[in-house]
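Labels below follow one simple rule: chain letters A, B, ... track the order of the sequence lines, proteins then strands, and each chain is numbered from 1.
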Amino acid sequence: MVRFDHPSRSPILKAELEHLLRQALASLVPSVLPDAPDPASIAVERTRDPAHGDFATNVALRLAKTAGRKPRELAQAILEAIPPNELIAGAAIAGAGFINFRLAKHTFAATLQRIHDEGERFGRGRVGAGTKVLLEFVSANPTGPMHVGHGRQAAYGATLGNLLVAAGFDVQREFYINDAGRQIDILAVSVYLRYLEASGETLTFPVNGYRAAYILPVAAALRAEVGDSLRRASAEMYADAPPDAPAGDKDKHIDALIGNARRLLGAAGFERIVTFARDRMLAEIRDDLDGFGVSFDRWYSERELETSGAIDRALNKLRDENRVYEKDGAEWFRAVEFGDDEDRVVVRENGLKTYFASDIAYHYDKRQRGFDKLIDVLGADHHGYVARVRGGLVALGEPADCLEVCLVQLVSLFRNGEKLSMGKREGNFVTLRQLRDEVGNDACRLFYLMRSNDQHLDFDLELAKSRSNENPVYYIQYAHARVASVLKQLESRGLRFDRAQGLAHAARLTGVHEEAVLTALSRYPEVVEHAALARAPHALVHYLRELANSFHTYYNAEQFIVEDAELRNARLALVLGVQQVIRNGLGILGVAAPETM
RNA sequence: GCGCCCGUAGCUCAGUUGGAUAGAGCACCGGCCUUCUAAGCCGGUUGUCGCAGGUUCGACUCCUGCCGGGCGCGCCA
């Protein structure tokens with residue numbers, strides 16, 4: 001039996017075959033091939049049709065022209081040049097010039113052995129090579145609860161993080177707290193006005209304030225903490241404030257209110273409300289994420305970025321290198337020179353820095369902290385922002401490709417075939433919390449992850465919470481639970497699983513269903529690697545469904561608990577392998593793997 | 001107007017640097033429980049891959065132009 005525990009051996013069969021193929025091609029230079037082919041062009045792929053074997057490659061087709069030979073002829077030469085190995089049991093030239101490979105049976109047994117040896121570590125790879133990745137996701141504004149769109153970003157980001165770790169990257173997950181700038185002041189003044197109302201003042205709430213109900217408990221909590229000590233007459237709050245929209249300018253109105261609050265309470269007093277409100281909102285966000293199984297290594301405050309001087313350092317560097325200029329009293333970054341559509345303001349006419357200045361500084365800071373790769377998960381509505389941040393990084397001397405942005409498309413909720421309208425302004429949007437309460441964490445995460453992130457998501461509430469066979473969530477979980485059930489049955493018959501015997505007789509697993517299951521299991525490390533590199537968690541969901549499918553088919557076709565102990569233990573080793581891989585995969589997705597359904 | 005995403009079976013969607021006969025779930029029809037959980041399995045039906053050109057041995061995939069849907073284009077964040 002071949003054991004894949006030698007350091008040079010990859011757990012990924014695909015990589016093993018590609019290694020052999022590269023050796024073969026290298027040996028054909030220069031007799032057949034003029035020069036060494038681009039390694040990236042040398043690949044084997046799983047066949048779609050089992051009749052074509054386990055893996056296939058199209059290198060002969062790709063290289064035929066440079067070799068000046070017919071594809072099938074070149075394929076023959078490549079075939080003959082493949083070094084002796086214990087992996088390939090058969091190879092054939094097919095079609096226009098494909099080379100099909102059939103794996104030796106013992107590779108299946110070796111895969112099974114690995115699963116049992118490695119357990120929850122099975123599937124981990126090394127392509128990441130310890131590359132330091134800073135994965136930023138969600139970063140929801142602390143001005144309100146998270147909505148279903150944030151939920152998708154949370155599920156996507158958390159799973160992508162798990163995939164990257166599994167693929168050998170060194171990942172830090174970070175949540176950027178947008179707690180500076182005008183919006184946080186609007187939050188504070190909104191809370192303060194509700195506080196005044198709760199204290200007995202009567203006032204007209206500004207149209208531009210946060211009017212939604214979630215502000216009320218924050219105001220009540222503030223009052224519980226400070227009593228009437230912050231109460232001021234509403235007439236003073238509204239003194240000299242221009243009329244509110246539609247008659248006046250809603251921006252000027254609320255800015256005047258913020259100014260008045262600051263004057264009446266003192267800068268420190270207003271700061272206290274800002275901090276109080278922010279912390280309350282953040283606590284709720286953190287609580288939501290915890291409940292959803294999403295955690296971060298660090299919560300990075302925009303305010304800290306300012307107070308630490310990081311923003312000024314970045315701006316000064318841009319100034320030193322003549323990347324900014326003055327116009328109309330503001331300071332502009334030459335974004336056009338770095339691929340953006342237009343130049344962008346970094347310091348406003350009023351002397352305040354824009355959020356964009358913070359973002360440049362923040363991303364620059366990530367690089368300064370030693371991260372090779374910066375991955376941002378953003379809502380698709382932020383796509384316009386990518387070019388300018390990348391431009392900022394390049395202007396600061398960082399490579400353009402150090403920043404990678406994964407855009408997550410919008411989510412639409414459907415109930416009884418009707419789309420739910422969600423207006424964020426009216427505060428009637430559906431929160432992540434409400435969604436989780438209604439459909440449960442598992443369905444929530446799986447539904448979020450089933451579709452490609454760049455596909456708009458239609459989330460069917462009725463389907464997600466139906467406890468029926470229409471619901472795809474249960475299909476995978478059911479396979480896991482069924483294995484547990486088999487073991488219980490085994491026990492109740494007074495038998496016990498003999499792992500060593502099962503693995504020793506894995507060669508007896510030669511039925512079509514058994515080979516289908518083994519093939520599916522052996523694909524797992526490849527799927528994890530692909531999903532991580534393609535930033536495509538949905539690929540793992542689809543794989544788990546296929547694995548579950550091969551298991552359910554096997555389950556219906558064969559009895560596992562049979563008289564023949566060797567065969568019984570081999571089959572049990574196989575289905576336990578399925579259970580382990582499903583558990584590992586669901587773990588990456590953040591979905592529970594129940595023992596019973 | 002400009003930029004990004006999407007357009008594949010009745011519906012919701014996969015389709016791995018371009019590859020072999022374009023797949024899955026749901027829905028629909030017909031079978032399978034005295035045997036480890038029927039939330040399962042087996043079989044059947046379903047396509048101008050939005051349209052038109054181009055590149056190539058080969059295009060759902062790449063390029064160009066249209067059509068349709070979504071999102072974004074502030075000294076807001």
Side-chain angles (χ1 to χ4, degrees), chain A residues 14 38 40-41 43 45-49 51-52 56 58 61-62 64-65 70-71 94-98 100 141 143 178 180-184 186 251 302 327-332 341-342 344-350 352 354-356 358-359 379-387 407 409-410 412 414 417 450-458 460 463 466-475 477-479 481-490 492-493 526-527 530-531 533-534 536 538-539 541-542 545-546 548-549 551-562 572 575 596-597:
Chain A
K14 178 181 190 299
D38 173 15
S41 71
E45 291 175 351
R46 290 278 176 174
T47 56
R48 193 168 278 172
D49 183 349
H52 294 147
N58 62 0
L61 288 159
R62 297 174 70 98
K65 190 170 279 180
K70 288 178 181 167
F98 296 97
N100 294 335
N141 285 335
T143 53
N178 288 107
R182 192 159 166 270
Q183 58 164 4
I184 203 83
I186 295 176
D251 287 329
E302 184 180 357
K327 189 182 86 178
D328 303 332
E331 208 168 349
W332 299 70
D341 297 333
E342 47 189 304
R344 306 289 172 177
V345 171
V346 285
V347 181
R348 292 196 283 263
E349 194 178 359
N350 63 11
L352 295 177
T354 61
Y355 85 101
F356 173 54
S358 304
D359 278 337
D381 51 342
H382 286 72
H383 69 81
Y385 138 118
V386 178
L407 296 174
Q409 292 290 328
L410 302 180
S412 300
F414 284 80
M450 260 189 324
R451 305 300 177 215
S452 162
N453 59 292
D454 49 29
Q455 187 78 237
H456 186 102
L457 177 67
D458 286 345
D460 185 335
L463 181 59
S466 73
R467 304 185 61 77
S468 76
N469 59 350
E470 295 170 2
N471 194 332
V473 179
Y474 300 116
Y475 189 82
Q477 292 184 322
Y478 185 42
R482 263 187 158 173
V483 177
S485 177
V486 170
L487 288 187
K488 277 178 211 144
Q489 186 61 223
L490 183 75
S492 74
R493 294 189 197 179
E526 295 159 25
V527 170
H530 169 255
L533 295 179
H538 72 281
V541 179
H542 287 272
R545 176 164 243 295
E546 286 161 22
N549 180 30
F551 168 78
H552 285 310
T553 298
Y554 179 36
Y555 180 96
N556 276 273
E558 303 284 352
Q559 196 73 15
F560 307 150
I561 302 174
V562 291
L572 291 171
V575 298
T596 57
M597 298 290 288

Open item on the list: I'd like to know whether A:R182 forms a salt bridge (Lys or Arg N to Asp or Glu O under 4.0 Å) with A:D251, so could you lay out the CA-CA distance, the side-chain angles of the two residues, the decisive distance to 0.1 Å, and finally the verdict.
Closed with: CA-CA 10 Å; A:R182 192 159 166 270; A:D251 287 329; 3.2 Å; yes

- [ ] Starting from Watson-Crick (N1-N3 plus N6-O4 or O6-N4) and G-U wobble pairs under 3.5 Å, report the runs of at least three that RNA chain B belongs to.
- [x] B:1-7 with B:67-73, B:10-13 with B:23-26, B:28-32 with B:40-44, B:50-54 with B:62-66

Task: Residue whose closest nucleotide on RNA chain B lies nearer the 5' end, A:I561 versus A:D454 - done: A:D454

Open item on the list: Contact between A:I186 and A:T143 at the side-chain level, heavy atoms closer than 4.5 Å - yes or no?
Closed with: no

- [ ] Calculate the interatomic distance between A:N556 atom CG and B:G43 atom P; express it in whole Å.
- [x] 12 Å

- [ ] Using a 4.0 Å heavy-atom cut-off across all strands, classify A:T553 as base, sugar-phosphate, or nothing.
- [x] sugar-phosphate

Task: Nearest-angstrom distance, C1' atom, B:G23 to B:U46 - done: 13 Å

Open item on the list: Measuring only between side-chain heavy atoms, which start at C-beta, is A:N178 closer than 4.5 Å to A:I184?
Closed with: no

Open item on the list: Please classify the nucleic acid contact of A:Q455 as base, sugar-phosphate, or nothing, using heavy-atom distances under 4.0 Å.
Closed with: sugar-phosphate

Task: Contact under 4.0 Å: A:Y475 side-chain N or O vs B:C41 OP1/OP2 - done: yes

Open item on the list: Please report the distance, rounded to the nearest Å, between CZ in A:F414 and P in B:C26.
Closed with: 20 Å

- [ ] State whether the side chain of A:N453 and the backbone N or O of A:L407 hold a donor-acceptor pair below 3.5 Å, judged by distance alone.
- [x] yes

TODO: Indicate whether OP1 or OP2 belonging to B:C41 is found under 4.0 Å from a side-chain N or O atom of A:N549.
DONE: yes

- [ ] Scan nucleotides 71-77 of chain B nucleotide by nucleotide, 5' to 3', and note B when protein non-hydrogen atoms come under 4.0 Å of the base, S if they reach only the sugar-phosphate, - if neither.
- [x] BSS-BSB

TODO: Verify the distance criterion only: is there a donor paired with an acceptor across the side chains of A:E302 and A:S358 at less than 3.5 Å?
DONE: yes

- [ ] Could you tell me whether A:F560 and A:Y555 have their ring centroids closer than 6.0 angstrom?
- [x] yes

Task: Separation of atom CD in A:E546 from atom C1' in B:A14, rounded to whole Å - done: 9 Å

Task: Atom-to-atom span, CG of A:L407 to P of B:G70 - whole angstrom - done: 19 Å

Open item on the list: What I'd like to find out is whether the side chain of A:V345 reaches to under 4.5 Å of the side chain of A:F356, using heavy atoms alone.
Closed with: no

TODO: Whole angstrom is fine here: how far is it from CE in A:M450 over to P in B:A14?
DONE: 10 Å

TODO: Take the protein atom CZ of A:R451 and the nucleotide atom C1' of B:A14, then report the distance between them rounded to whole Å.
DONE: 8 Å

Open item on the list: Taking 4.0 Å as the cut-off, does a side-chain nitrogen or oxygen of A:K65 come that near to OP1 or OP2 on B:C57?
Closed with: yes

Task: 4.5 Å side-chain heavy-atom contact, A:R348 and A:T354 - done: yes

- [ ] Check the chi torsion on B:C13 and let me know: syn if it falls within 90° of 0, anti if not.
- [x] anti

Open item on the list: Walk along nucleotides 15-23 of chain B from 5' to 3' and tag each nucleotide B, S or - by protein heavy-atom contact under 4.0 Å, base first, then sugar-phosphate.
Closed with: SBB-BB---

Task: Interatomic distance where NE2 belongs to A:H456 and P belongs to B:A14 [whole Å] - done: 12 Å

Task: Sidechain-backbone polar pair: A:D328 side chain, A:A330 backbone, donor-acceptor under 3.5 Å - done: no

Task: Side-chain donor/acceptor of A:N549 to backbone N/O of A:R545, under 3.5 Å - done: no

Task: Short side-chain N/O contact to B:U35 OP1/OP2 from A:Q489, under 4.0 Å - done: no

Open item on the list: Could you check whether atom NZ of A:K70 has more than 12 heavy atoms from other residues, nucleotides or ligands sitting under 6.0 Å from it?
Closed with: no

Task: A:Y474 OH to B:A38 P, straight-line distance once rounded to whole Å - done: 17 Å

Task: Below 4.0 Å: OP1/OP2 of B:A38 and any side-chain N or O of A:R482 - done: yes

